[in-house]
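See below for the structure under consideration.
For the single chain, residues carry numbers from 1 onward in sequence order. Note: hydrogens, waters and symmetry copies are ignored here, and every other heavy atom, side chains too, is used.
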Amino acid sequence: MECWKQDRRTLIAPTLQSSSSPPLPTKPLVLPHSLRHNRRMSEILQFVHRGAAQITPRIVRGVHKKLPFLKMSFTQIQAPNYPHLVEQLEFLANVVEDFAEGAEDDLPYVTLAGAAFALIYAHRQKDLIPDFVPEFGHADESAVVRAVLIEHEKVFAGYASRHHLNWPKMTVNP
């Protein structure tokens, strides 16, 4: 395996910098604030995509069984810096519940998997930022939930409309 990596480096390295191309920068690239935000969101989206890809129908059924407990635990979240988090988690829980019960079986599975992953992540005891950290404890949960909501905005907006929910109120300036 090491030989393959070494051979691959020698094959790729000359293509990265040939004698006719300008030298590669040696300092780290500093991105403007707006691009750094997009890059972070991209990393969160990649994290969500990897997590959602692991969600199987069996896991969805397990989440569905635990929804009453999850909904109750979400109401206990104290996150004044993320005022919409509890409402957004409840929304995603309702999406999973309606799909599992057949009321919304036309939802794309990728959307359902994203919602289920966000619910699982929000309930985890060990996550990227421990929940007990003042002011930032729920930043990671909020970021994962927002990434799912943004990624599947059209589907969720349609769901909210069918269920007479105020989609803009839930998603604007959370």
Side-chain angles (χ1 to χ4, degrees), residues 34 36-174:
S34 61
R36 283 187 297 208
H37 176 71
N38 289 340
R39 183 170 179 221
R40 281 190 210 123
M41 193 61 178
S42 174
E43 290 171 2
I44 292 167
L45 277 173
Q46 289 175 4
F47 176 73
V48 169
H49 288 174
R50 283 192 306 269
Q54 303 299 313
I55 302 297
T56 63
R58 183 177 183 177
I59 292 172
V60 171
R61 287 190 300 274
V63 170
H64 179 247
K65 285 182 185 178
K66 294 180 182 178
L67 278 178
F69 171 74
L70 291 174
K71 286 181 176 183
M72 180 64 77
S73 68
F74 294 150
T75 63
Q76 304 302 313
I77 293 175
Q78 299 295 321
N81 289 342
Y82 311 99
H84 293 5
L85 179 60
V86 172
E87 186 177 2
Q88 291 168 341
L89 287 167
E90 185 177 321
F91 175 82
L92 294 175
N94 290 338
V95 168
V96 171
E97 184 174 44
D98 286 347
F99 180 88
E101 293 177 359
E104 287 286 339
D105 55 358
D106 286 340
L107 290 174
Y109 188 79
V110 67
T111 301
L112 176 71
F117 174 72
L119 294 173
I120 291 167
Y121 185 82
H123 184 66
R124 287 176 49 178
Q125 295 300 313
K126 294 182 180 180
D127 50 12
L128 296 174
I129 303 172
D131 294 341
F132 61 82
V133 173
E135 297 185 35
F136 300 108
H138 292 285
D140 54 332
E141 288 93 344
S142 181
V144 166
V145 168
R146 293 287 299 150
V148 170
L149 292 173
I150 291 168
E151 183 78 6
H152 305 284
E153 184 175 8
K154 288 181 182 179
V155 175
F156 289 140
Y159 173 90
S161 176
R162 288 189 299 280
H163 292 270
H164 310 290
L165 301 172
N166 188 343
W167 174 250
K169 178 182 175 257
M170 187 180 323
T171 61
V172 176
N173 298 325

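Taken to the nearest 0.5 Å, the CG atom of L89 stands 11.0 Å off from the CG atom of N94. Distance check, rounded to the nearest 0.5 Å: NE2 of H123 to NZ of K66 gives 7.0 Å.
Partners of A113 under the side chain to side chain contact (heavy atoms under 4.5 Å, CB included) rule, at least two apart in sequence or in another chain, are A52, I55, Y109. Every residue was checked against the side-chain hydrogen bond (donor to acceptor under 3.5 Å, both in side chains) condition with R61, not counting sequence neighbours, and none meets it. With sequence neighbours excluded, the residues satisfying side-chain hydrogen bond (donor to acceptor under 3.5 Å, both in side chains) with E151 are H49. Residues that satisfy the ring pair (Phe, Tyr, Trp, His ring centres under 6.0 Å) test with Y159, not counting sequence neighbours, are F91, H163. Scanning for side chain to side chain contact (heavy atoms under 4.5 Å, CB included) contacts around T56 gives R58, I59, with sequence neighbours left out. V155 pairs by the side chain to side chain contact (heavy atoms under 4.5 Å, CB included) definition with L107, P108, T111, not counting sequence neighbours. Residues passing the side-chain hydrogen bond (donor to acceptor under 3.5 Å, both in side chains) test with E101, sequence neighbours excluded: H64.
A heavy-atom distance below 4.5 Å is found between the side chains of V110 and H152. Taking the side chain as every heavy atom from C-beta outward, S42 and Q46 approach each other to under 4.5 Å. W167 places a side-chain heavy atom less than 4.5 Å from the side chain of E153.
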Requested in this report: Apply the test side-chain contact (heavy atoms from CB on, under 4.5 Å) to residues V144 and F117: give CA-CA distance (whole Å), side-chain angles for both, the deciding distance (0.1 Å), then the verdict.
Outcome: CA-CA 9 Å; V144 166; F117 174 72; 4.0 Å; yes
Report task. Check step by step if side-chain contact (heavy atoms from CB on, under 4.5 Å) holds for I120 and L70. Result -> CA-CA 9 Å; I120 291 167; L70 291 174; over 6 Å; no
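Listed by first then second residue, pairs satisfying salt bridge (charged side-chain N to carboxylate O under 4.0 Å, His left out) with a partner in residues 67-87 read K71-E97, E87-K169, not counting sequence neighbours.
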